[in-house]
Structures are given as C-alpha cells and as structure tokens.
Novice: 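My structure is below; once you've seen it, I'll send some questions.
Keep in mind that the numbers below use all heavy atoms, side chains included, and drop hydrogens, waters and symmetry copies.
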Amino acid sequence: LIIYNIFNETVSKSTTIILSNVNYVKKVIFPLDILPLTTLLSSLINAFFNIVVLVVGIMVFVPDWNIMWIFISLIYLLPISLFSLGFAYIVASIGVYIRDLAYTVGVLLNILFYVTPIFYPISLVPKFMHPIMNLNPLTYVIEGYRKAVFAGEFPNWGSFLIFTLCGYIFMLLSVWLFRKLKRGFADVI
C-alpha cells in the first residue's frame, strides 16, 4: 500500500499542479519542470513516515523479524519514483489543456488500485491474466517489495535493472512531452 500511495499521490496531485500555480507560468520566470517533481518529493516524504511506522510496528509485534529486509526493499523506491514522475509530467502537461483530467485520472487510479496486486499476491490470479497484470508497472514493484519484506528474497537484479531503465526512459520521454507542451501553457491559462 505504501508503494501504491507514492504513485497515487504523485499522479493525482500533478493533474492540477500547473493550474494551481498560474503565477509561476505567467508572471515569474520559473522552471516549471520542478512542479511535478515537488509532488513526487512530497509523496516520498509521506512514504518515509509510513515506512517508519511499519518498521516500528514490526519491531513491536514481531520482534524476531529480520528488519534488514525492509531496508533492502527500499531499493524498489527507485523504479516506482521514475514511473510516478513520468506519469506526473504527462498528466501535469495535459491537465493544462484538459481541465477535467483530474476527475478522469482519479477514476483510473481507483481502477488501478483494484487491478494491482496490493492485498493479494499475483499467484492467486489465473495464469492467463498474468501478461495483462504485468503491463501494470506497479505489479513488478509491489510483488518485489512483498517478496523482500515477507519472504526475505533479494530482487532479481537483471529484471530490476531492466525495469529501472524502462522507468528512466519513460520519465525522459515524459519530460520531453512536458517541455514540448509547456510552450502553450501561458496561452491556455
């Protein structure tokens, strides 16, 4: 749930981040590229506090648990941050042109919550649905986080590097789209 909340909070707040800061677009010379990044940083700070509560809860209720696995699982914050930032740039730039995007994104994020294996492992899903579930970038991260915390497994480093590289490329393409659409922000607002 911590991982999903990072993605959800970053993307949902980014839909109106440019419209909420109109003065930065029109009156001040300000690097607008920073605004979606601030939503990600805010989400990561919230996640940090959630992880602290998780660690304290595990230490209190399961004192023999090896706490090292929670810290190893933090490596999954890198790919989820890249994908979250990529989607944040996309919805931030399109949200200027389509004002009702926040409502649509809210509905899509609710649907994504139920099709992401948060409260159930992907092994409970029928095999024919696995390729569809794996199209969701959150599936890999949440499954990896679950395996690290509950099963004590290290990440598959090859898959992790490929997934992180895909997240980085996706983020770069999203930044390119944001900068291309940024030229018209002042005209639309």
Novice: CG/Leu135 to NE2/His130 distance, rounded to the nearest 0.5 angstrom?
Specialist: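 NE2 of His130 is found 13.0 Å from CG of Leu135.
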Novice: More than 12 non-hydrogen atoms from neighbouring residues, nucleotides or ligands closer than 6.0 Å to OH on Tyr168, yes or no?
Specialist: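 For Tyr168, atom OH is not crowded (no more than 12 foreign heavy atoms under 6.0 Å).
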Novice: Distance from Phe160 atom CZ to Phe154 atom CZ, nearest 0.5 Å?
Specialist: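 Phe160 atom CZ to Phe154 atom CZ measures 13.0 Å (nearest 0.5 Å).
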Novice: I want to check something: taking the side chain as every heavy atom from C-beta on, are Val125 and Pro117 in contact at a cut-off of under 4.5 Å?
Specialist: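 Side chain of Val125 against side chain of Pro117, heavy atoms only: no contact under 4.5 Å found.
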Novice: Determine whether more than 12 heavy atoms belonging to other residues, nucleotides or ligands lie under 6.0 Å from atom CZ of Phe30.
Specialist: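 More than 12 heavy atoms, drawn from other residues, nucleotides or ligands, come within 6.0 Å of this atom.
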Novice: Take Leu85 and Ser174 through the side chain to side chain contact (heavy atoms under 4.5 Å, CB included) test and state the conclusion after the steps.
Specialist: CA-CA 8 Å; Leu85 191 57; Ser174 302; over 6 Å; no
Novice: Measuring from Ser12:OG to Leu109:CG, what's the distance to the nearest 0.5 Å?
Specialist: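 Between Ser12 OG and Leu109 CG, I get 6.0 Å after rounding to 0.5 Å.
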Novice: Under the ring pair (Phe, Tyr, Trp, His ring centres under 6.0 Å) rule, what do Phe113 and Phe7 come out as? Steps first, then yes or no, please.
Specialist: CA-CA 10 Å; Phe113 178 78; Phe7 183 81; over 10 Å; no
Novice: Can you tell me how far the CD1 atom of Ile3 sits from the CZ atom of Arg146, to the nearest 0.5 Å?
Specialist: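 If we round to the nearest 0.5 Å, Ile3:CD1 and Arg146:CZ are 11.0 Å apart.
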Novice: Identify whether Met59 and Val149 are in the same connected component of the hydrophobic contact network (ILVMFWY, side-chain heavy atoms under 4.5 Å).
Specialist: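 Same cluster.
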Novice: May I ask whether Phe119 and Ile142 are part of the same hydrophobic cluster, defined by side-chain heavy atoms of I, L, V, M, F, W, Y residues being less than 4.5 angstrom apart, directly or through others?
Specialist: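 Yes, Phe119 and Ile142 fall within the same hydrophobic cluster.
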Novice: Can you give me the closest heavy-atom contact between Asn156 and Tyr140, atom names plus distance?
Specialist: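 What the structure gives for the nearest pair is O-OH, 3.9 Å.
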Novice: Is any side-chain heavy atom of Asn134 less than 4.5 Å from a side-chain heavy atom of Ile122?
Specialist: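 They are in side-chain contact.
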Novice: Are Phe178 and Phe185 an aromatic pair, judged by ring center distance below 6.0 Å?
Specialist: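 Yes, they do, as the ring centres are separated by less than 6.0 Å.
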Novice: Give me the atom names and distance for the closest heavy-atom approach of Thr39 to Lys13.
Specialist: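 For Thr39 and Lys13, the tightest heavy-atom pair comes out as CG2-CB, 3.9 Å.
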Novice: Which value, rounded to the nearest 0.5 Å, describes the distance between Thr116 atom OG1 and Leu1 atom CG?
Specialist: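 Separation between the atoms: 11.0 Å.
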Novice: Answer yes or no: does atom OH of Tyr114 have more than 12 heavy-atom neighbours from other residues, nucleotides or ligands under 6.0 Å?
Specialist: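 Atom OH in Tyr114 is not packed in, count stays at 12 or less.
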Novice: Is there a side-chain contact between Trp176 and Tyr89, using heavy atoms and a 4.5 Å cut-off?
Specialist: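 With C-beta onward as the side chain, the pair stays apart.
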Novice: Which heavy atom of Phe163 sits nearest to which heavy atom of Pro79, and what is that distance?
Specialist: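 For Phe163 versus Pro79, the nearest heavy atoms are CD2-CB, 3.6 Å.
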Novice: In sequence, state the C-alpha distance, the side-chain angles, and the governing distance for Val96 and Leu181, and then conclude on side chain to side chain contact (heavy atoms under 4.5 Å, CB included).
Specialist: CA-CA 9 Å; Val96 174; Leu181 293 176; over 6 Å; no
Novice: Is any side-chain heavy atom of Ser73 closer than 4.5 Å to one of Phe71?
Specialist: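 Phe71 vs Ser73: side chains apart.
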Novice: Are more than 12 heavy atoms, taken from residues, nucleotides or ligands other than Lys182, located less than 6.0 Å from that residue's NZ atom?
Specialist: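 It does: Lys182 NZ has more than 12 such atoms within range.
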Novice: Side chain to side chain contact (heavy atoms under 4.5 Å, CB included), that's the test. Do Ile132 and Val115 meet it? Break it down for me.
Specialist: CA-CA 10 Å; Ile132 296 169; Val115 298; over 6 Å; no
Novice: Determine whether Thr38 and Ile34 make a side-chain contact, defined as any pair of heavy atoms from C-beta on separated by less than 4.5 Å.
Specialist: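 They are in contact (side-chain heavy atoms under 4.5 Å apart), so the answer is yes.
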Novice: What are the two closest heavy atoms between Asn21 and Ile17, and how far apart are they?
Specialist: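 It is ND2-O, 2.8 Å.
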Novice: Take Leu138 and Phe83 through the test side chain to side chain contact (heavy atoms under 4.5 Å, CB included) and record every step on the way to the result.
Specialist: CA-CA 9 Å; Leu138 295 174; Phe83 275 103; over 6 Å; no
Novice: Are Asn46 and Ile2 packed together at the side-chain level, in the sense that at least one heavy-atom pair is separated by less than 4.5 angstrom?
Specialist: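 In short, these two side chains do not touch, never coming nearer than 4.5 Å.
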Novice: Looking at every heavy atom in both Glu9 and Ser42, which two are closest together, and how far apart are they?
Specialist: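 Result for this residue pair: OE2-OG, 3.7 Å.
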Novice: Determine the interplanar angle of the Phe87 and Phe170 rings, folded into 0 to 90°, and report it as parallel if under 30°, tilted if 30 to 60°, perpendicular if over 60°.
Specialist: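 Rings of Phe87 and Phe170: tilted, 30 to 60°.
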Novice: Out of curiosity, does Leu101 fall in the hydrophobic cluster containing Leu108 (side-chain heavy atoms, cut-off under 4.5 Å, transitive links)?
Specialist: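 Different clusters.
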Novice: Inspect the surroundings of OH in Tyr24 and state if more than 12 heavy atoms from other residues, nucleotides or ligands are less than 6.0 Å away.
Specialist: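 Check fails, neighbour count at 12 or below.
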Novice: Supply the atom-to-atom distance Thr139 OG1 to Ile118 CD1, rounded to the nearest 0.5 angstrom.
Specialist: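 Thr139 OG1 to Ile118 CD1: 9.0 Å, rounded to 0.5 Å.
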